[in-house]
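The structure appears below as structure tokens.
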Amino acid sequence: MNVPSDRMRKHPEERFEAPQHLYDLDEVTKALRAEPLPTSRNHRQKTIYKGGDPTTGPVTVALFVFDKGAAMPRHIAQGVVTIHVIEGQIRILAEGQEHQLQAQQILVLAPGVAHDVLAESDARMLLTVCLDA
């Protein structure tokens, strides 16, 4: 039975089945900014590679695009997290320690570190999570 979907993109199984993926982050950003802001959150994001099984490996990579003031509430990832700020300024509060990140800075968090995100300006960040920790 073919069930209608409200997906804006292809299902991850289709998007990530190839053994190689090349992305232009400026083009991905343009496409994200053209999409409507989701009602469930105040930022845009696109998973550009999703691991999690033996064929795709343990790494997931996502591009986040924030308008100034956008935030992600406190959350925990079970793997090693790297947050690479590509553009703008982002504040990360991780277990009571505040990190003011700007373009070309990377923060690495160990598995299980609770953290939240606040965009102090329009910003882009590349998030990598490795669940093989």
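Counting only residues at least two apart or in different chains, salt bridge (charged side-chain N to carboxylate O under 4.0 Å, His left out) contacts with residues 68-80 are absent.
Considering only residues two or more places apart in sequence or on other chains, H84 meets the ring-ring contact (aromatic ring centres under 6.0 Å, His included) condition with none of them.
From L101, atom CG reaches atom CD1 of I106 across 10.0 Å, with rounding to the nearest 0.5 Å. Interatomic distance, L127 CG to T60 OG1, rounded to the nearest 0.5 Å: 8.5 Å. Within the model, atoms CD1 of I83 and CG of L109 stand 5.0 Å from one another, a figure rounded to the nearest 0.5 Å. To the nearest 0.5 Å, atoms CD1 (I90) and CD (Q100) are separated by 10.5 Å.
Under the 3.5 Å distance criterion, the side-chain polar atoms of R91 are left unmatched by any main-chain donor or acceptor of H99. One N or O on the side chain of D24 and one on the backbone of E27 form a donor-acceptor pair closer than 3.5 Å. Using modelled atom types, one side-chain atom of Q105 and one backbone atom of Q102 make a donor-acceptor pair closer than 3.5 Å. Side-chain atoms of D116 never come within 3.5 Å of backbone atoms of I92 as a donor-acceptor pair (strictly under, hydrogens ignored). Panel note: side chain T47, backbone A62; no donor-acceptor pair is recorded below 3.5 Å. Y23 places a side-chain N or O within donor-acceptor distance of the main-chain N or O of I48, the cut-off being under 3.5 Å.
The shortest side-chain heavy-atom distance between M125 and H43 does not fall under the 4.5 Å cut-off. At least one side-chain heavy atom of R124 sits under 4.5 Å from a side-chain heavy atom of D26. Taking the side chain as every heavy atom from C-beta outward, S121 and Q89 approach each other to under 4.5 Å. Contact of the D67 side chain with the R44 side chain is registered, since non-hydrogen atoms from C-beta on lie closer than 4.5 Å. Using a 4.5 Å cut-off on side-chain heavy atoms (C-beta onward), V108 and V80 make contact.
Closest non-hydrogen pair, V59 versus C130, comes out as CG2-SG, 4.1 Å.
In the hydrophobic cluster analysis, where Ile, Leu, Val, Met, Phe, Trp and Tyr join through side-chain heavy atoms closer than 4.5 angstrom, V113 is grouped apart from L118. Linking ILVMFWY residues whenever their side-chain heavy atoms come closer than 4.5 Å, directly or via other members, places L25 and V65 in the same cluster. The hydrophobic clustering, which links ILVMFWY residues whose side-chain heavy atoms are closer than 4.5 Å, places F66 and L93 apart.
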